[in-house]
Amino acid sequence: MSFQAYLDAVETKTGLTPRQLIDLAHDKGFDETTKATPIVEWLAADYGLGRGHAMAIVHVITKGPQISDKHVDSGGTHSDPSNTLWLDGKASNPAG
């Protein structure tokens with residue numbers, strides 16, 4: 001599953017775009033300095049997310065939408081078409 005596919009699956013499960021979850025996380029005081037555990041615990045308790053999907057959200061909360069170029073068009077199961085993740089909802093993603 002690509003990184004973007006994880007974010008899209010989180011949106012399907014929660015009904016919230018990644019950007020909306022980032023905004024909610026910031027409202028709770030989570031930011032780039034927050035460790036993963038409290039964010040994962042919040043996402044599990046409030047939205048029923050498992051660790052893998054929660055960690056995708058942790059990444060965009062703590063590191064932003066950029067991912068490593070090694071995942072771009074790598075041909076593997078975690079390959080993404082871009083090094084920038086789309087955070088504004090799968091329906092509006094220009095990459096399809």
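In terms of hydrophobic clustering, with Ile, Leu, Val, Met, Phe, Trp and Tyr side chains grouped at heavy-atom distances under 4.5 Å, V40 and L7 are assigned to a common cluster.
Nearest approach of L87 to P65, heavy atoms of both residues: CD1-CB, 3.9 Å. Shortest non-hydrogen contact noted between P81 and V72 is O-CG1, 3.8 Å. Nearest heavy-atom pair across E11 and P18 is OE1-CD, 4.4 Å. Heavy-atom minimum distance, S79 versus S2: O-CB, 3.1 Å.
At a threshold of 4.5 Å between non-hydrogen side-chain atoms, the residues Y47 and K13 do not count as touching. A 4.5 Å side-chain heavy-atom check between F30 and V58 finds every atom pair outside the cut-off. Residues N93 and Q4 form a side-chain contact, since some pair of their non-hydrogen atoms from C-beta on lies under 4.5 Å apart. Side-chain contact between I57 and V10: present, with at least one pair of heavy atoms (C-beta onward) separated by less than 4.5 Å. In this structure the side chain of I61 never reaches within 4.5 angstrom of the side chain of D31, judged on heavy atoms. Residues I22 and V60 meet the side-chain proximity criterion, which asks for heavy atoms closer than 4.5 Å.
Here CD1 of I39 is found 8.5 Å from CE of M55. Values are rounded to the nearest 0.5 Å. Remark: L16 CG to L21 CG distance equals 5.0 Å, nearest 0.5 Å. Taking CG of L24 as the start and CZ of R19 as the end, the distance is 13.0 Å to the nearest 0.5 Å. Taking OG from S82 and CG from D73, the interatomic distance works out to 9.0 Å, rounded to the nearest 0.5 Å. From D69, atom CG reaches atom OG of S74 across 11.0 Å, with rounding to the nearest 0.5 Å.
By the salt bridge (Lys or Arg N to Asp or Glu O under 4.0 Å) test, R51 pairs with no residue at all, sequence neighbours left out. In this view, D23 satisfies the salt bridge (Lys or Arg N to Asp or Glu O under 4.0 Å) rule with no residue, not counting sequence neighbours.
Listed by first then second residue, pairs satisfying side chain to side chain donor-acceptor pair (under 3.5 Å) with a partner in residues 53-68 read Q66-T84, not counting sequence neighbours.
The backbone N or O of G89 sits less than 3.5 Å from a side-chain atom of W86, completing a donor-acceptor pair.
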